[in-house]
Amino acid sequence: MLDLVLLRKSPDEVKAGLARRGVPTSDLDELIAKDEEHRSLLQEAERLRATVRELSKRVGEARKSGDTKAAEELTSESRAIGDEERRASEKSDAAGDEVRALLLALPNIPSDETPDGLSEDDNVEMRRWWPGMDTGAPFPSFEEYQKVPHWESGEALGILDLETGAKIAGSMFPLYRGDGSRLIRALSAYALDRHADAYEEIRPPTFALTETMMSTGHLPKSADDMYEIPRDGLWAIPTSEVPLTSMKSNQILEEAELPIKMTAATACFRREAGAAGRDTRGVLRTHEFDKVELFAYCTPEQAQECFDDILARAEAMLQSLGLTYRLLSLCAGDIGTSSKRTIDLEVFSPGVDRWLEVSSTSWFGDFQARRANVRFRRNGSPKFVNTVNGSALAWSRIWIALVETYRQMDGTIALPAVLSPYLGGRTVISKR
RNA sequence: GGAGGGGUGACAGAGCGGCCGAAUGUACCGGUCUUGAAAACCGGCGUGGGCUUGCCCACCGUGGGUUCAAAUCCCACCUCCUCCGCCA
């Protein structure tokens, strides 16, 4: 949520910032007008309420001194003003709700580093990494036996069974089996262990209340992209960013506690309503996937360090797995609603011959903290914290890259040695 | 799922419908005393909002209701604890 005070003080700055994401100036003018209306209604309601309180106090005094007649007069006067106050409050509250709804619908202001542009075509590739790059090796040219899409090799090896997944839950709900399943589990364990030095491991609930979904900015905007359980007022989380961001909601932290860094491995659920029919092969895009998230509550001054650390960890994991990837700086029109700045990591998949998003690191400023009401005490007065998060990493697409990149001529898959401790000492997946 | 008991400021813990934004204690901040510290003593100490900066308004789990007036009474819900039942 944007700072309403900032909008009042420097409307032009806010307008210019949001224009970069395609938000029309008229939206902000509407909000400013509604805010002014709300405040004048509020003043009127508060003035009446103060009168009622004053009169009520005098009723008590009159009663105590035995002046029944005065008490009755004051009571009826107060009653009349009370009715007036009720009507004024209703108007004021209604205007306040409208202000809140308008404010909630607005996205965050992109940071200065965020490149201009309105669609993903305007994202900026920052750099690429591939195994051996440091020692001068050229960008990898993959062998023919690596250029087999994972849905073919996965089915052949018996580690991926999309048909059965679809039978159980519908299409785009994958079913991994045998070593394919174990690989997912290994990746989560490997990641959590790597981050354990600085990030507290959390196993949060998989579902979250509507209010919780609001705090990250997933609601009200992206309701169609999420699975809802209306009977219980719950939503399946699209990322563990949701529960993690709300862990300290409505709390005032001590500045000395910050930054608070946490990591979580959870399933993530996405309806992919806007992407229906796209990337339907294999596990390129699925309704459910496992992901390890890195998250930090921090001061504004710490945000850059936290952002850099999360990005560095995501990159280090990709490098340790020997996968080719690139960094994309998302443009103003492509960053998420709540984000000020986002860098995506895309892994190269030789079988599909495409770059696949496997990580997204974002700085949110105080946008989410304002919604979740997470503050810290500085010089005695509370301020909103900053939130930063990023995936390290999303496994279904890492699974793709591993299965394709490490496919051998004989059709087996020889995985990197770092995973060996998590795969019972083995690194080769072959047909069983 | 059933029965009972709780949810008040950073924490603990009071609070006959009006004098309660809320006693008291602890913690915290400032001061006195002290070579220094501790102790003692004195003072301060919630959050948010509005405007004419001095005042006004809101907040005692959440949402309704009763009343001239609600932390206090009524209803619903959430949540925690104890006991019973069921259960991975």
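From a predicted model like this one, the values you see are computed outputs, not experimental measurements. Each chain gets a letter, A, B and so on, in the order its sequence line appears, and its residues count up from 1.
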Open item on the list: Give me the distance, rounded to whole Å, that separates B:A70 from B:C19 when you measure between the P atoms they each carry.
Closed with: 11 Å

- [ ] Could you please name the partner base of B:A14, counting Watson-Crick and G-U wobble pairs only when both distances are under 3.5 Å?
- [x] none

TODO: Using whole Å, report how far CD of A:Glu77 lies from P of B:A69.
DONE: 13 Å

TODO: Establish, with yes or no, whether the OP1 or OP2 oxygen of B:G18 is under 4.0 angstrom from a side-chain nitrogen or oxygen of A:Arg63.
DONE: no

Task: G-U wobble or Watson-Crick pairing nucleotide for B:A58 (cut-off 3.5 Å, both distances) - done: B:U47

TODO: Round to a whole Å and report the spacing from CZ of A:Arg370 to C1' of B:G49.
DONE: 14 Å

Open item on the list: Between A:Arg203 and A:Thr266, is there a side-chain donor-acceptor contact under 3.5 Å, judged purely by atom types and distance?
Closed with: no

- [ ] Please state the C1' separation for the pair B:G21 and B:A88 - nearest whole angstrom.
- [x] 48 Å

- [ ] Compare the minimum distances between each of B:C57, B:G50, B:U47 and the side chain of A:Ile252, then state the nucleotide with the smallest one.
- [x] B:U47

- [ ] Tell me what A:Thr75 touches on the nucleic acid: a base, only sugar-phosphate, or nothing, going by heavy atoms under 4.0 Å.
- [x] base

Task: Proximity to the side chain of A:Pro382 - top-ranked nucleotide from B:G18, B:G50, B:U47 - done: B:U47

TODO: Please measure how far the C1' atom in B:U47 lies from the corresponding atom in B:U52, and state the result in whole Å.
DONE: 24 Å

Open item on the list: Taking only the P atom of each, what is the distance from B:G25 to B:G13 in whole angstrom?
Closed with: 16 Å

TODO: Provide, to the nearest angstrom, the distance between the NZ atom belonging to A:Lys64 and the P atom belonging to B:A69.
DONE: 19 Å

Task: Under 4.0 angstrom between A:Arg58 side-chain N/O and B:A69 OP1 or OP2 - done: no

- [ ] Name the pairing partner of B:A37, where a pair is Watson-Crick or G-U wobble with both distances under 3.5 Å, or state none.
- [x] none

TODO: Rounded off to whole Å, could you give me the CG-to-P distance for the A:Leu48 and B:C68 pair?
DONE: 17 Å

TODO: Please tell me which of A:Val5 and A:Leu55 maps to the more 5' nucleotide of RNA chain B, matching each residue to the nucleotide holding its nearest heavy atom.
DONE: A:Val5

Open item on the list: Using atom P in both nucleotides, what's the gap between B:G9 and B:G63 to the nearest angstrom?
Closed with: 15 Å

TODO: Give none if B:G4 has no partner; otherwise give the nucleotide forming a Watson-Crick or G-U wobble pair with it, both distances under 3.5 Å.
DONE: B:C81

Task: Salt bridge A:Arg49-A:Glu46, side-chain N to carboxylate O under 4.0 Å - done: no

Open item on the list: Measuring only the P atom in each nucleotide, how far is B:C86 from B:U79? A whole number of Å is fine.
Closed with: 24 Å

Open item on the list: Is A:Arg47 close enough to B:G50 that one of its side-chain N or O atoms is under 4.0 Å from OP1 or OP2 there?
Closed with: no

Task: Contact under 4.0 Å: A:Arg8 side-chain N or O vs B:G50 OP1/OP2 - done: yes

Task: Span that lies between the C1' atom of B:C56 and that of B:G61, in whole angstrom - done: 27 Å

Open item on the list: Between the side chains of A:Asp309 and A:Lys261, is the shortest nitrogen-to-carboxylate-oxygen separation below 4.0 Å, so that they form an ion pair?
Closed with: yes

TODO: Give none if B:A88 has no partner; otherwise give the nucleotide forming a Watson-Crick or G-U wobble pair with it, both distances under 3.5 Å.
DONE: none

Open item on the list: What is the distance, to the nearest angstrom, from the NZ atom on A:Lys383 to the P atom on B:G48?
Closed with: 9 Å

Task: Parallel, tilted or perpendicular: rings of A:Tyr227 and A:Phe269 (30°, 60°) - done: perpendicular

Open item on the list: Quick check on RNA chain B: between A:Arg39 and A:Arg53, whose nearest nucleotide comes earlier from the 5' end?
Closed with: A:Arg39

Open item on the list: Using whole Å, what does the distance between atom C1' of nucleotide B:C57 and atom CZ of A:Arg49 come to?
Closed with: 6 Å

- [ ] Would you mind telling me which of B:C19, B:C68, B:U47 lies closest to the side-chain atoms of A:Arg377?
- [x] B:U47

Open item on the list: Taking A:Asp83 first and then A:Arg87, would you say they form a salt bridge - that is, a charged N and a carboxylate O separated by under 4.0 Å?
Closed with: no

Open item on the list: Let's test this: given Watson-Crick or G-U wobble pairing with both distances under 3.5 Å, identify the partner of B:G63.
Closed with: B:C75

TODO: For B:C78 versus B:C68, give the span between their P atoms, rounded off to a whole number of Å.
DONE: 32 Å

TODO: Round to a whole Å and report the spacing from CZ of A:Arg375 to P of B:A10.
DONE: 10 Å

Open item on the list: Looking at A:Arg100, I'd like to know if its CZ atom is crowded, meaning that more than 12 non-hydrogen atoms belonging to other residues, nucleotides or ligands lie closer than 6.0 Å.
Closed with: no

- [ ] Quickly work out the A:Glu46 CD to B:U52 P distance and round it to whole Å.
- [x] 14 Å

TODO: Test salt bridge (Lys or Arg N to Asp or Glu O under 4.0 Å) on A:Asp225 and A:Arg271 and set out the steps.
DONE: CA-CA 5 Å; A:Asp225 285 320; A:Arg271 289 187 66 233; over 6 Å; no

